[in-house]
Protein chains: 2
Amino acid sequence: MDQRLADTIAQDLEELIFDGTFSDGERLDEVKLSEQFGVSRTPLREAFQRLALSGLVDLIPRRGAFVRQPGPVELMEMFEVMAELEAACGRLAALRISDEAMKDLTDANARCQEAVDAVDPDTYYLENERFHKIIYNQSGNSFLEQEASKLHRRLKPFRRQQLRFRGRMDQSMSEHENIVRALDSGNPEETANALRDHVAVQGEKFHNLMATLK
Amino acid sequence: MDQRLADTIAQDLEELIFDGTFSDGERLDEVKLSEQFGVSRTPLREAFQRLALSGLVDLIPRRGAFVRQPGPVELMEMFEVMAELEAACGRLAALRISDEAMKDLTDANARCQEAVDAVDPDTYYLENERFHKIIYNQSGNSFLEQEASKLHRRLKPFRRQQLRFRGRMDQSMSEHENIVRALDSGNPEETANALRDHVAVQGEKFHNLMATLK
DNA sequence: ATTTCAAATCTTGTATACAAAAATGTTGAC
DNA sequence: GTCAACATTTTTGTATACAAGATTTGAAAT
């Protein structure tokens, strides 16, 4: 992505705040946070700019930085875009994927299966992530790969819990099989559809989850 | 998009630098620029953070900000992603577009035709932009709309010149007709394909342009 | 001439200072 | 009790100050 040699405080702060748990609408108090992190306001404000562009905070001039947790509607929208981005990756990867990557993919999938058998959602999550990253990468379009990764990361907190749904891991597995098959046959359209559906299901599952929590 | 009440210097600077003409690899000297714009380094650096996240500069810790003009390869990649994003917009819009928007679309298209007849690339460019924005909007997914708009803006400087190609305006027009027809028939797949091809052509034209200039 | 090392200079990253806008609190009129 | 006007306090936005890392320069050694 961009310079990840972990250096400036500003960039570290971005991650800290990104991962930190703030409630929607909350104002990020510059002095309080700067004390909390033991830094001055300057690097903090630079981090705010990045967070604002990522859409994690609203930066209202002369008012402050307000965290912006996406609501149900926006989340559905984001999942929809994720589905389309993954579909795009698949479409391109179907034509461009290397034999080696194809092997890696089936390998990752096998480990997913192991995790399913062991009923181990955490491992499943990890191997699933590897599976998808391979496809991003094999799109042969590093700009696309970056964009997909960015959104993927953004959705992480919302995707994670879904594997706890009864039967979700099994379903996800069988969808993976379809994806691998389509990729292997080199059919762009089929691959795109398989991936779009796979991710769209996540959005729907999330929707259900929201409904149950309300 | 985000807070556009045009207020803080930092945000204004972002635009100034975005639009400014810098050559690839050039280092953005903080003191020189701050003198040039008549501001201190603080808001400038905040602007740098935003530019970095947009991919317009590389921010190398303790080294500085270096402008990052996309090379031919990256540009092709970006056009490819633009094509997929527009295809996604079209796919969704085919199911969601309102009658009113459909009218606006044919209207915009009619004006495009007038511009073609008048051999007026500038007007064509403007109306063409309106045409596409309507489709982004009618995807019914404002997150997607934003992402598409962002990349559209980013590619602006590279898209513009292409209309000068002989026959490009005519070709573009007939592609528009296909898009409108597909949308009108409510066929998602067809619409997506029409839009993808339409934008992909731009990438190819650009590729040609690059080749002639080298 | 080339290389090495260190001093000097420049540039960035962060802290602090200050001014102006926004928020808060207080007083007084009605 | 409510509202308005004004004073007070916070808080942001920007400028400046300072320290540490990077770059350049130049002299000495090979």
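Predicted model, so just to flag it, every value in this text is computed and none were measured.
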Notebook entry, point to check: Around atom CG of B:Asp99, are there more than 12 heavy atoms of other residues, nucleotides or ligands at under 6.0 Å?
Noted result: no

Would you kindly give the [atom1]-to-[atom2] distance between [X] and [N], to the nearest whole Å?
X	N	atom1	atom2	answer
A:Gln49	D:dT12	CD	P	13 Å
A:Arg27	D:dT12	CZ	P	4 Å
A:Lys32	D:dT12	NZ	C1'	16 Å
B:Glu35	C:dC10	CD	C1'	14 Å
A:Leu44	D:dT11	CG	P	14 Å
B:Glu30	C:dG13	CD	P	6 Å
B:Leu59	C:dT11	CG	P	17 Å

Notebook entry, point to check: Choosing from C:dT11, D:dT14, C:dG13, which nucleotide comes nearest the side chain of B:Glu46?
Noted result: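 Of the candidates, D:dT14 comes closest.
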
In chain order, what residues pass the side-chain hydrogen bond (donor to acceptor under 3.5 Å, both in side chains) check against [X], with sequence neighbours excluded?
X	answer
A:Gln49	B:Glu46, B:Arg50
B:Ser54	none
B:Ser23	B:Glu26
A:Thr42	none

Note to self: Let me confirm one number: the OG1-CG distance from A:Thr191 to A:Leu183, rounded to the nearest 0.5 Å.
What the structure shows: 4.5 Å

Check: Would you say C:dG13 has OP1 or OP2 under 4.0 Å from some side-chain N or O of B:Arg45?
Finding: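 For B:Arg45, the contact criterion (side-chain N or O under 4.0 Å from OP1 or OP2 of C:dG13) is met.
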
Item checked: Nucleic acid footprint by protein, nucleotides 15-24 of chain C - heavy-atom cut-off 4.0 Å, B for base, S for sugar-phosphate alone -> BBB---SSS-

Item checked: With sequence neighbours excluded, residues passing ring pair (Phe, Tyr, Trp, His ring centres under 6.0 Å) with A:Phe158 ->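 A:Phe206.
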
Next item on the list: Apply ring pair (Phe, Tyr, Trp, His ring centres under 6.0 Å) to A:Phe143 and list each qualifying residue two or more places apart in sequence or on a separate chain.
Entry: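 For A:Phe143 there are no ring pair (Phe, Tyr, Trp, His ring centres under 6.0 Å) partners, ignoring immediate neighbours.
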
Next item on the list: Just jot down the side chain to side chain contact (heavy atoms under 4.5 Å, CB included) partners of B:Glu80, sequence neighbours excluded, or say none.
Entry: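 Once residues adjacent in sequence are excluded, the partners of B:Glu80 under the side chain to side chain contact (heavy atoms under 4.5 Å, CB included) criterion are A:Leu92, A:Arg96, A:Asn141.
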
Next item on the list: Give the angle between the helix axes at the two ends of the helix from C:dA1-D:dT30 to C:dC30-D:dG1, taking five base pairs at each end and rounding to 10°.
Entry: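 Axis-to-axis angle, ends of the helix: 10°.
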
